[in-house]
Amino acid sequence: MARHYPGGMPSPHDTLAPVISAAIAAAFGDEHRGADPVLRSSQFADLQSNAALALAKRLGMPPREVATRLVQALDVTGVCERVEISGPGFVNLTLADSWIAAMVQQVAEDPRLGVEVAPALVVPIDYSAPNVAKEMHVGHLRTTVVGDALARTLEHLGHRVIRQNHVGDWGTNFGMLVEHLLEVGESSEAARLVETDPNAFYQAARVKFDGDDGFADRARARVVALQAGDGETVRLWRSLYEMSKHYFNRIYAALDVTLTDADLAGESTYNDDLPGLCAELQERGIAVESEGALCVFLPGFTGREGKPVPLIVRKSDGGYGYGTTDLATIRHRVRDLDADRLIYVVGATQSLHLQMIFATARLAGWLPEDVEVVHVQIGNVMGEDRKLLRTRAGDSLRLMALIEEAVEAARGVLDEARPDLPESTRHTLAWQIGVGAIKFADLSVAHDSEYVFDLARMVSLTGNTGPYLQYAAARIRSIFRAAGLDASDPQARSIAVVEPAERALALALLEFGSVVRQVGADLGPHRLCAYLFELAQTFSAFYEVCPVLKAPDEATRQSRLALCAATFRVMEQGLALLGIATPDQM
RNA sequence: GCCCCCGUAGCACAACGGAUAGUGCAGCGGCCUUCUAAUCCGCAGGUUGCAGGUUCGAGUCCUGCCGGGGGCGCCA
């Protein structure tokens with residue numbers, strides 16, 4: 001997009017960084033132009049540059065003197081109203097109110113709110129990946145919610161995102177599951193559990209498998225039949241798949257997740273690729289036979305007793321494991337989808353495995369150097385005992401139940417706070433708020449950190465939560481409703497920055513574009529969560545001290561309306577990038 | 001045994017190598033005749049697991065130790 005922001009980007013950091021660099025070059029020579037301007041937010045000013053401290057050593061000059069010369073060469077006319085050197089050589093920068101006002105007005109009039117469109121990359125994102133005929137658990141919740149937020153964000157930045165739902169639809173378990181389906185009958189109540197309560201179905205099959213040798217034998221035979229493409233077995237397998245699709249789609253709809261059937265790219269889709277893939281690896285000497293299995297041994301990967309860890313691509317019985325299909329996904333995404341950047345939103349426990357997959361793909365030439373691959377590690381979900389939370393019989397962690405519980409909690413608060421609203425409205429709002437609460441709880445912690453599962457906290461509607469952000473947005477909409485205006489329209493009113501609360505709010509609004517850009521680069525939606533929470537806090541403080549509709553004069557009223565509208569749109573857009581709804585009212 | 005991640009306030013979490021380590025919850029104390037009090041304002045709370053090292057500067061980087069989690073040949 002054309003930069004229509006006077007002097008460059010709306011964010012103070014992006015505006016000042018090149019200015020500092022220019023000053024460094026002017027003061028110390030062009031060879032230092034590339035030095036990091038070390039711009040940071042400051043508690044003593046709006047921003048500070050610590051470049052002088054870093055440069056002092058290289059220049060053989062006292063840092064204080066470096067700072068002095070830097071400031072002498074610095075041209076921040078129109079941007080900063082004050083530049084001060086303090087401490088050992090910090091350069092404190094205070095922005096001019098007039099500059100802030102001009103920039104925030106540009107943001108307010110910008111349909112994209114300062115988010116620039118990046119050069120488009122093709123980005124397949126692997127996320128969610130539930131298992132057929134199995135309940136989705138809290139671990140799936142996380143990769144689903146984080147992956148979906150990344151997909152939305154990258155799309156907004158202009159990339160071509162290709163969602164890849166690598167459903168677990170193949171493997172030895174399916175012998176047991178198909179055999180169980182056959183025994184209970186396809187149209188039986190027991191079979192229907194696949195759609196409504198997959199855990200129950202799975203557990204029933206498991207119990208028979210563990211306790212009935214005859215069944216276990218039939219299940220094993222059924223695996224062979226499935227892999228051999230036996231017609232009836234495949235038909236039953238497909239039936240399980242179809243029922244599970246309904247289950248997935250119910251969850252996705254309940255969670256407001258963008259995945260559709262078109263994004264399904266399960267393990268079985270690669271079945272035909274696996275023999276050839278293995279043959280190629282073997283012919284080229286990348287994979288070798290070991291103990292009957294076809295393995296890739298990579299330098300640097302050792303396990304017990306220093307023995308090399310194999311990546312098994314073909315089992316000794318001739319079957320294929322998930323390593324082989326994972327290799328096939330890379331080859332497919334690079335070769336057929338023309339990917340520039342591969343993203344795997346997968347549990348942290350798969351770290352070693354994926355490293356080996358990536359290394360093997362590089363070795364085989366399926367993953368060229370100019371294609372980036374990232375494992376967005378999803379941290380373990382821990383119980384309150386700090387042990388890994390696992391689904392096993394007795395643990396009632398049905399994802400749908402969790403969603404329902406969150407919605408009910410929101411409903412309770414809503415009934416208390418807004419009994420005046422009609423039933424249908426409260427029904428919709430409770431869903432938006434409850435699901436927003438779950439998603440924000442999931443997104444606001446760094447995706448790779450472990451996560452103590454605490455339902456009460458997730459569902460709590462106070463503090464650093466989704467509902468808090470939604471409430472801030474709803475209050476803005478309420479102001480506009482009272483004025484008979486629409487908060488969603490880009491506003492062309494003149495903005496003045498006078499009160500400290502107005503200044504703080506305007507400053508926060510300038511950062512949206514760079515925060516979104518950073519989320520796209522680092523793949524960390526929690527930064528956007530933190531930003532939006534701070535924006536909501538800043539707005540709430542503004543709301544407290546700056547009357548909008550009852551502003552002292554018409555110019556102030558117009559200015560504050562414009563600030564409110566911009567805040568609303570940033571909130572709504574930011575929440576949308578996270579996959580969180582913005583309720584009309586709360 | 002080897003490898004990876006983590007250890008920050010009572011709890012849950014932040015902090016591109018930059019000044020006095022932040023935010024929420026919980027606790028204590030204030031503010032509703034005023035655009036929505038699911039809000040806001042204030043107070044208190046810390047030897048960033050321990051010990052060294054690198055650096056002008058370390059929660060952040062390096063080494064060792066302690067503690068927690070995960071992974072390590074035919075489940076996916």
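None of the values given here were measured: they were computed from a predicted structure. Letters go in sequence order (proteins before strands), and every chain restarts at 1.
Base pairing annotation: B:rA19 forms no Watson-Crick or G-U wobble pair, as no partner gives both donor-acceptor distances under 3.5 Å. The partner of B:rG1 is B:rC72, by the rule that a Watson-Crick or G-U pair needs both atom distances under 3.5 Å. Nucleotide B:rC65 has B:rG49 as its partner under the Watson-Crick or G-U criteria, with both atom distances under 3.5 Å. When Watson-Crick and G-U wobble pairs are counted only if both distances are under 3.5 Å, B:rA9 pairs with no nucleotide at all. Across all strands shown, B:rC43 forms a Watson-Crick or G-U wobble pair, both distances under 3.5 Å, with B:rG27.
A donor-acceptor contact under 3.5 Å links the side chain of A:S86 to the base of B:rA19. A donor-acceptor contact under 3.5 Å is formed by the side chain of A:Y322 with the base of B:rA76. For B:rA76, the base has no donor-acceptor partner in the side chain of A:D169 [N/O atoms by modelled type, under 3.5 angstrom]. Taking only distance into account, the side chain of A:Q48 meets the base of B:rA19 through a donor-acceptor pair shorter than 3.5 Å.
The separation of B:rU54 from B:rU8, taken at their P atoms, amounts to 27 Å, rounded to a whole angstrom. The separation of B:rA12 from B:rG49, taken at their P atoms, amounts to 14 Å, rounded to a whole angstrom. Between the P atoms of B:rC5 and B:rG17, the separation comes to 16 Å (whole Å). Between B:rC56 and B:rG24, the two C1' atoms lie 35 Å apart (nearest whole Å). Nucleotides B:rC13 and B:rG30 place their P atoms 32 Å apart, quoted to the nearest Å. With C1' as the reference atom, B:rC50 and B:rC66 are 7 Å apart, rounded to whole Å. B:rC35 and B:rG42 are spaced 25 Å apart, taking the C1' atom of each and rounding to whole Å. B:rC6 and B:rC61 have their P atoms separated by 8 Å, with the value rounded to a whole Å.
Distance NZ (A:K134) to C1' (B:rC75): 9 Å, rounded to an integer number of Å. If you measure from atom CG of A:L298 to atom P of B:rC3, you get 17 Å, rounded to the nearest angstrom. Protein atom NE2 of A:H375 is 16 Å distant from nucleotide atom P of B:rG70, rounded to whole Å.
Of the candidate nucleotides B:rG73, B:rC35, B:rA76, B:rC35 has the atom nearest to the side chain of A:I479. Closest to the side chain of A:F44, from the set B:rG69, B:rU55, B:rA19, is B:rA19. With distances taken from any side-chain atom of A:S449 to the nucleotides B:rU39, B:rC40, B:rC13, the minimum falls on B:rC13. Taking the side chain of A:E267 as heavy atoms from C-beta on, and the options B:rU23, B:rA76, B:rU39, the nearest nucleotide is B:rA76.
With 3.5 Å as the limit, one finds a donor-acceptor pair spanning the side chains of A:Y247 and A:E135. When only modelled atom types and interatomic distance are considered, A:D169 and A:S268 share a side-chain donor-acceptor pair under 3.5 Å. With hydrogens and angles left out, the side-chain atoms of A:D326 and A:Y344 include no donor and acceptor closer than 3.5 Å.
Residue A:S478 places at least one side-chain N or O closer than 4.0 Å to OP1 or OP2 of B:rU36.
Centroid-to-centroid, the aromatic rings of A:W237 and A:Y241 come within less than 6.0 Å. In this structure, the ring of A:Y322 has its center less than 6.0 angstrom from the ring center of A:H353.
The aromatic ring of A:Y468 does not sit over the base of B:rA38, since the test of centres under 5.5 Å and planes under 30° is not met.
The closest donor-acceptor contact from the side chain of A:D553 to the backbone of A:T556 lies under 3.5 Å.
Using a 4.0 Å heavy-atom distance criterion, A:A446 is classed as a sugar-phosphate-only contact.
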